[in-house]
Amino acid sequence: MADRYAVIGNPVEHSQSPFIHAEFAKQTQQSLSYEKLYSPLESFKATVEQFKKEGGLGANVTVPFKEQALTLCDELSDTARAAGAVNTLSITAEDKLKGDNTDGYGLVTDLKLQFGELTNKRILILGAGGATRGCILPLLNEQIKQLVIANRTKHKAKALVEYFNHPQLSAVGFDELSQETPFDLIINATAASLTGEVPSIPVGVIHNNINCYDMVYSAKPTAFLVWAKQHKANNVADGLGMLVHQAANSFRIWLNVQPDAKAVLNKLRENLK
Ligand code: ATR
């Protein structure tokens, strides 16, 4: 029987992960199965235990279980601990559950491919939920100049800054953004794009040298990216690359083989159309 992997979520039917991992397996000639595993909200722990009992070797974890997954792990990577969330579970040879978080790696890899190195950049991240928290350490590890977290509800941004306590990290409310030194890059990590909204930040933050990234992806450019382009941002990109690169890192963690993310990204983009 092929080695068994899965993505566990609720809902999970929309997940692109089975397609991505099947493509990676083909590319690298690995024999594995990768399925969608729906878990009832109240029994995530039981779902993981059953999967482990049946010989599962690894799983991606998606909404809304990433924080809960962290509490089930016997071992955690530094990134998962900092993120407060696990998106990659591995069952070790000693039958232990190891938790990792590859979302930040996915973001940073895609940002560098899309826009170039992050060294010395002033970066603005919008939102202060789990998506932002998961990416703070990987971004700070890129020798950036400054990472400013702006959130509609400022105290949540401040709480993240207090938690990470890093000299390059600060928090503002949306209304304070006009007073900030210009940024090189804006990352939209809010949930606004899911409902076609644009976070209400001042238009003045956009200039013709700024790059804008939305963690959300869709067939058409997200509302935030359309807005940024309208106001003459330099370059924009959505989060499809982040999705594929986080998957590539999970695949490498499980199988110790680096797949070609770019080839799969091109196919996924075609499928979205
Ligand atoms: P996730 O885990 O995906 O980050 P979350 O923890 O629910 O999800 O956080 C959602 C984030 O999107 C929050 O920062 C939220 O702002 P508030 O803390 O003020 O609620 C932000 N958000 C959601 N809808 C938004 C909108 N229309 N405009 C601006 N920010 C929005």
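Both ligands and their constituent atoms are indexed starting at 1 by order of listing. Only this structure's heavy atoms are used, side chains among them; waters, hydrogens and symmetry mates stay out.
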Quiz item: How about Tyr213 and Asp238: does a side-chain donor come under 3.5 Å of a side-chain acceptor?
Solution: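 The criterion, which ignores hydrogens and geometry beyond distance, is not satisfied for Asp238 and Tyr213.
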Quiz item: With distance as the sole criterion, is a donor-acceptor pair present between the side chains of Thr119 and Glu142 under 3.5 Å?
Solution: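 The criterion, which ignores hydrogens and geometry beyond distance, is not satisfied for Glu142 and Thr119.
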Quiz prompt | Per atom 30 (N) of ligand 1, closest listed option by heavy atom (Val216, Leu194, Thr190) | solution =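 Shortest heavy-atom distance from atom 30 (N) of ligand 1: Thr190.
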Quiz item: atom 26 (C) of ligand 1: which of Lys66, Glu197, Arg152 has the nearest heavy atom?
Solution: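 Looking at heavy atoms only, the winner is Arg152.
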Exercise. Might you confirm whether atom CD of Gln230 has over 12 heavy atoms from other residues, nucleotides or ligands at distances under 6.0 Å?
Key: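 Check passes, neighbour count above 12.
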Self-check item: Exceeds 12 heavy-atom contacts within 6.0 angstrom, atom CG of Asn271
Solution: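 Check passes, neighbour count above 12.
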Look at [atom] and say which protein heavy atom is nearest, naming residue and atom and giving the distance to 0.1 Å.
atom	answer
atom 14 (O) of ligand 1	Asn151 OD1, 2.7 Å
atom 17 (P) of ligand 1	Thr153 OG1, 3.4 Å
atom 12 (O) of ligand 1	Ala191 N, 3.0 Å
atom 5 (P) of ligand 1	Gly129 CA, 4.1 Å
atom 3 (O) of ligand 1	Ala131 CB, 4.0 Å
atom 2 (O) of ligand 1	Gly130 N, 3.2 Å

Practice problem: Please report the C-alpha distance between Lys96 and Glu75 in whole Å, then the side-chain angles of each, then the deciding distance to 0.1 Å, and finally whether the salt bridge (Lys or Arg N to Asp or Glu O under 4.0 Å) criterion is met. | Solution: CA-CA 8 Å; Lys96 297 261 193 270; Glu75 293 166 39; over 6 Å; no
Exercise. Can you confirm whether something in the protein, heavy atoms only, sits under 4.0 Å from atom 7 (O) of ligand 1?
Key: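 Answer no: nothing from the protein, no heavy atom, is under 4.0 Å.
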Exercise. Kindly assign one of parallel, tilted or perpendicular to the pair His21 and Tyr34, based on the angle between their ring planes and the thresholds 30° and 60°.
Key: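 Parallel, since the angle between the ring planes stays under 30°.
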Practice problem: Would you please classify the geometry between the Tyr5 ring and the Trp254 ring as parallel, tilted or perpendicular, with 30° and 60° separating the classes? | Solution: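 Tilted: the ring planes of Trp254 and Tyr5 meet at 30° to 60°.
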Self-check item: Any N or O of Ala128 closer than 3.5 Å to N or O of ligand 1
Solution: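 Yes: some nitrogen or oxygen of Ala128 is under 3.5 Å from one in ligand 1.
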Quiz item: So, is Val198 polar-close to ligand 1, with some N/O to N/O distance under 3.5 Å?
Solution: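 Not met; the criterion fails.
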Can you list the ligand 1 atoms lying under 4.0 Å from a non-hydrogen atom of [X]?
X	result
Gly127	14 (O)
Ala192	24 (N), 25 (C), 26 (C), 27 (N), 28 (N)
Lys156	17 (P), 18 (O), 20 (O)

Quiz prompt | Short side-chain to backbone donor-acceptor contact, Lys156 and Ala128, under 3.5 Å | solution =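 No; zero donor-acceptor contacts below 3.5 Å.
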Quiz item: Do Arg122 and Phe183 meet the cation-pi criteria used here (NZ or CZ under 6.0 Å from the six-membered ring centre, within 45° of the axis)?
Solution: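 Yes, a cation-pi geometry holds between Arg122 and Phe183.
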